[in-house]
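Residue numbers begin at 1 in each chain, while the letters A, B, ... track the order of the sequences.
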There are 2 protein chains.
Amino acid sequence: MTRGMSSCEQCIARQLNSMNTLTKDELKQVSACKITRSYKKGDIIFNENEMLNGVYCVREGICKLTKMSENGKDQTIKLLGEGELIGQRSIISEERTNLSAIALNDVKVCFVPKEQILSNIKSNQEFSFKVLQSLAQDLREAEDDLINMAQKTVRQRLAEALIYVSKSFGVNEDGYLSVNLSREEYASIVGTATESAIRILSQFKKEGLISTQGKTIKIENLNDLGRVE
Amino acid sequence: MTRGMSSCEQCIARQLNSMNTLTKDELKQVSACKITRSYKKGDIIFNENEMLNGVYCVREGICKLTKMSENGKDQTIKLLGEGELIGQRSIISEERTNLSAIALNDVKVCFVPKEQILSNIKSNQEFSFKVLQSLAQDLREAEDDLINMAQKTVRQRLAEALIYVSKSFGVNEDGYLSVNLSREEYASIVGTATESAIRILSQFKKEGLISTQGKTIKIENLNDLGRVE
DNA sequence: TTTAAACTATGATATTAGTCATGTTTTTCA
DNA sequence: TGAAAAACATGACTAATATCATAGTTTAAA
């Protein structure tokens, strides 16, 4: 480790969108507990209905939050990249998780024990307010997603999912999305059948909106993709 | 006003699910600003994309939070009854509202200025944590709603909407739901066409799950209604 | 109390998306 | 590197829901 901030500190600080929220002493404490865990593609970080004893901060890789429904399909709620926190809602509510967290590729997280986070929330007003703001932001996003789910077609939602992945996780040097999700995973984000996702991606290809190479996808026309009907 | 707690205090206290969160002095301050506003059925409390300068606490009546989508339909996100807060998310994020709040019947709210709420959040750790917990709860509900929207049929969602209204706002002496929503309003909660909502309610009636008298609805078989496929 | 407006009801038809079946391509790993 | 597994692709059919049309009922207000 280099001097200055540890990765844990960076995670927390970045997530909360402020480098000056915790005092130096508090940061030192957070960095003191640098328990790092590694997961491979497909590994479960935690399952639905578990009690967590801390929050996870993604240092490397991408995770998804999903929930299995009665009919056996699972719904992806959110993708999380570097610097994002997982599990804070459950810790704050003191409830079991309602989602599972799964690694989408090789993932490293740092684990911050519950007591640590809660004590910072309770003793540091500014930090606490940042957490409040980040929950408020998540809530707004969830409400927007709900409206999209209710009112847009599968085609529109899939187009938006591609744009979301592109904006959140970027593209590589050839312009292909740097996160490779299977058609099944796209279907889970959009809330549709895998075959429907495949079919619509084929349409997008025919219409010149995207191109593919195996499972990797490249957005060819972002503007039109954002306007599909 | 009688001595003891004012209505505003009661609103805040009830919402935050704790009578001991604010100190007596803080409660006195909150109660000092008892600006009460009245709205009639259909009145707009605030619109989408407004800057709020405070939060509203419902003292009487029911409100809905809705968002108009591009195709002209509006989606109801949540119904709010007595004791519930409106606008806290926008105040915390310091953003414009993304939903409008509309009175579903005659409504009285008390208005708590932004500075008041924010100063309590910033100076009272326990109060702040309660707000945090209530946002975490809202977030969980929004995630659950998203999954329902994605994975359940219109029929199932409508059944759940009826149960939700019944549990949240109760029934009158004859067993009829005490909140009277039009079929159009149910459609807006469920995210479907008004005709579909009407058709499904007719089916429920034929199946003996509910009965109706004009627009008022009575749940006849709560168990089976909760299990429709 | 009557009359318009709003709401509820239902049939016919169109559209969207899901399911099942089958074949092809890509990826993985022994 | 070659076979098996996983993922992708597409056709045919079905089910769910939306849309359009029309008519009956209830509500509210003059």
Side-chain angles (χ1 to χ4, degrees), chain A residues 40-42 69-75 104-106 148-162 176-177 179-207 210-218 228-229, chain B residues 40-42 69-75 104-106 148-162 176-177 179-207 210-218 228-229:
Chain A
K40 288 202 195 125
K41 184 175 180 173
S69 70
E70 291 119 38
N71 55 39
K73 287 184 187 170
D74 76 356
Q75 179 68 32
L104 281 180
N105 45 31
D106 289 356
N148 283 340
M149 195 61 82
Q151 308 224 322
K152 297 198 172 169
T153 62
V154 172
R155 195 174 146 81
Q156 289 171 316
R157 270 142 51 204
L158 184 49
E160 285 177 12
L162 291 169
Y176 285 85
L177 299 182
V179 180
N180 278 317
L181 301 177
S182 67
R183 309 296 196 250
E184 190 179 7
E185 278 159 341
Y186 276 108
S188 166
I189 295 170
V190 166
T192 190
T194 304
E195 298 94 321
S196 296
I198 291 173
R199 236 183 278 274
I200 292 168
L201 287 174
S202 298
Q203 287 172 17
F204 286 168
K205 215 162 23 168
K206 277 183 197 136
E207 294 164 25
I210 64 170
S211 60
T212 63
Q213 196 169 350
K215 68 186 294 192
T216 68
I217 295 174
K218 178 179 182 177
V228 296
E229 306 232 318
Chain B
K40 289 203 196 120
K41 184 175 180 173
S69 69
E70 290 120 40
N71 56 40
K73 288 184 186 171
D74 76 355
Q75 179 67 32
L104 282 179
N105 45 32
D106 289 356
N148 283 341
M149 194 62 81
Q151 309 223 321
K152 297 198 172 168
T153 62
V154 172
R155 195 174 147 81
Q156 288 172 317
R157 270 143 51 205
L158 184 49
E160 286 177 12
L162 291 169
Y176 285 85
L177 299 181
V179 180
N180 279 317
L181 302 177
S182 67
R183 309 298 196 247
E184 189 179 6
E185 278 160 339
Y186 277 107
S188 167
I189 294 170
V190 165
T192 191
T194 304
E195 297 94 321
S196 296
I198 290 173
R199 236 182 277 274
I200 292 168
L201 287 174
S202 298
Q203 288 172 16
F204 285 168
K205 215 162 24 168
K206 278 183 197 136
E207 295 164 25
I210 64 171
S211 61
T212 64
Q213 197 170 350
K215 68 186 294 190
T216 68
I217 295 174
K218 178 180 183 177
V228 298
E229 306 230 319

Original post:
Are more than 12 heavy atoms from other residues, nucleotides or ligands located less than 6.0 Å from atom NZ of B:Lys41?
Top reply: no
**OP:** Mind listing the closest non-hydrogen atom pair of A:Leu158 and A:Val190 along with its distance?
**Re:** CA-CG2, 3.6 Å
Identify the pairs formed between an N or O of the protein and an N or O of nucleotides 12-14 of chain D at a distance under 3.5 Å, and give each distance.
{"residue": "D:dA12", "atom": "N6", "partner": "A:Arg199", "partner atom": "NH2", "Å": "3.4"}

Subject >> Atom pair distance, as rounded to whole Å: OH in B:Tyr186 and P in C:dC7 >> reply: 15 Å
**OP:** Nearest whole angstrom, please: distance from the C1' of D:dT27 to the CD of B:Gln213.
**Re:** 14 Å
Every protein N/O within reach of nucleotides 6-9 of chain D N/O, cut-off under 3.5 Å:
{"residue": "D:dC8", "atom": "OP2", "partner": "A:Arg183", "partner atom": "N", "Å": "3.0"}
{"residue": "D:dA9", "atom": "OP1", "partner": "A:Lys205", "partner atom": "NZ", "Å": "3.2"}
{"residue": "D:dA9", "atom": "OP2", "partner": "A:Arg183", "partner atom": "NE", "Å": "3.3"}
{"residue": "D:dA9", "atom": "OP2", "partner": "A:Arg183", "partner atom": "NH2", "Å": "3.3"}

**OP:** Taking side chain to side chain donor-acceptor pair (under 3.5 Å) as the test, write out the residues that go with A:Lys152, two or more places apart.
**Re:** A:Asn148, A:Glu160
Subject >> Residue pairs involving residues 182-196 of chain A (criterion salt bridge (Lys or Arg N to Asp or Glu O under 4.0 Å); sequence neighbours excluded) >> reply: A:Lys64-A:Glu185
Subject >> Minimum heavy-atom distance between A:Ala187 and A:Ala197, given as atom pair plus value >> reply: CB-CB, 3.9 Å
Subject >> Verdict with supporting geometry, A:Tyr186 and A:Ile217, side chain to side chain contact (heavy atoms under 4.5 Å, CB included) >> reply: CA-CA 12 Å; A:Tyr186 276 108; A:Ile217 295 174; 3.9 Å; yes
**OP:** To the nearest Å, give me how far apart CG (A:Asn180) and P (C:dT26) are.
**Re:** 14 Å
**OP:** Using whole Å, report how far CG of B:Leu158 lies from C1' of C:dT8.
**Re:** 14 Å
Original post:
the helix from C:dT1-D:dA30 to C:dA30-D:dT1: angle between its terminal axes, five pairs each, to 10°?
Top reply: 50°
Restricting to nitrogen or oxygen on both sides, can you table the protein-nucleotides 13-17 of chain C pairs closer than 3.5 Å?
{"residue": "C:dA17", "atom": "OP1", "partner": "A:Val154", "partner atom": "N", "Å": "2.8"}

Subject >> A:Thr212 and A:Lys218: CA distance, side-chain angles, deciding distance, side chain to side chain contact (heavy atoms under 4.5 Å, CB included) verdict >> reply: CA-CA 6 Å; A:Thr212 63; A:Lys218 178 179 182 177; over 6 Å; no
**OP:** Decide yes or no on side chain to side chain contact (heavy atoms under 4.5 Å, CB included) for A:Leu201 and A:Ile210, but give the supporting numbers first.
**Re:** CA-CA 8 Å; A:Leu201 287 174; A:Ile210 64 170; 3.9 Å; yes
**OP:** Work out which heavy atom in A:Gln213 is nearest to a heavy atom in A:Thr216; give both atom names and the distance.
**Re:** O-OG1, 2.7 Å
**OP:** For residues B:Phe204 and B:Leu162, report the shortest heavy-atom separation together with the two atoms involved.
**Re:** CD1-CD1, 3.9 Å
**OP:** Using modelled atom types only, decide if a donor and an acceptor are shared between the side chain of A:Ser69 and the backbone of B:Gln151 within a distance under 3.5 Å.
**Re:** no
**OP:** Show the numbers, then the answer: is there a side chain to side chain contact (heavy atoms under 4.5 Å, CB included) between B:Gln75 and B:Met149?
**Re:** CA-CA 12 Å; B:Gln75 179 67 32; B:Met149 194 62 81; 3.7 Å; yes
**OP:** Using atom types as modelled and distance alone, determine if a side-chain donor or acceptor of A:Ser196 lies under 3.5 Å from a backbone N or O of A:Thr192.
**Re:** no
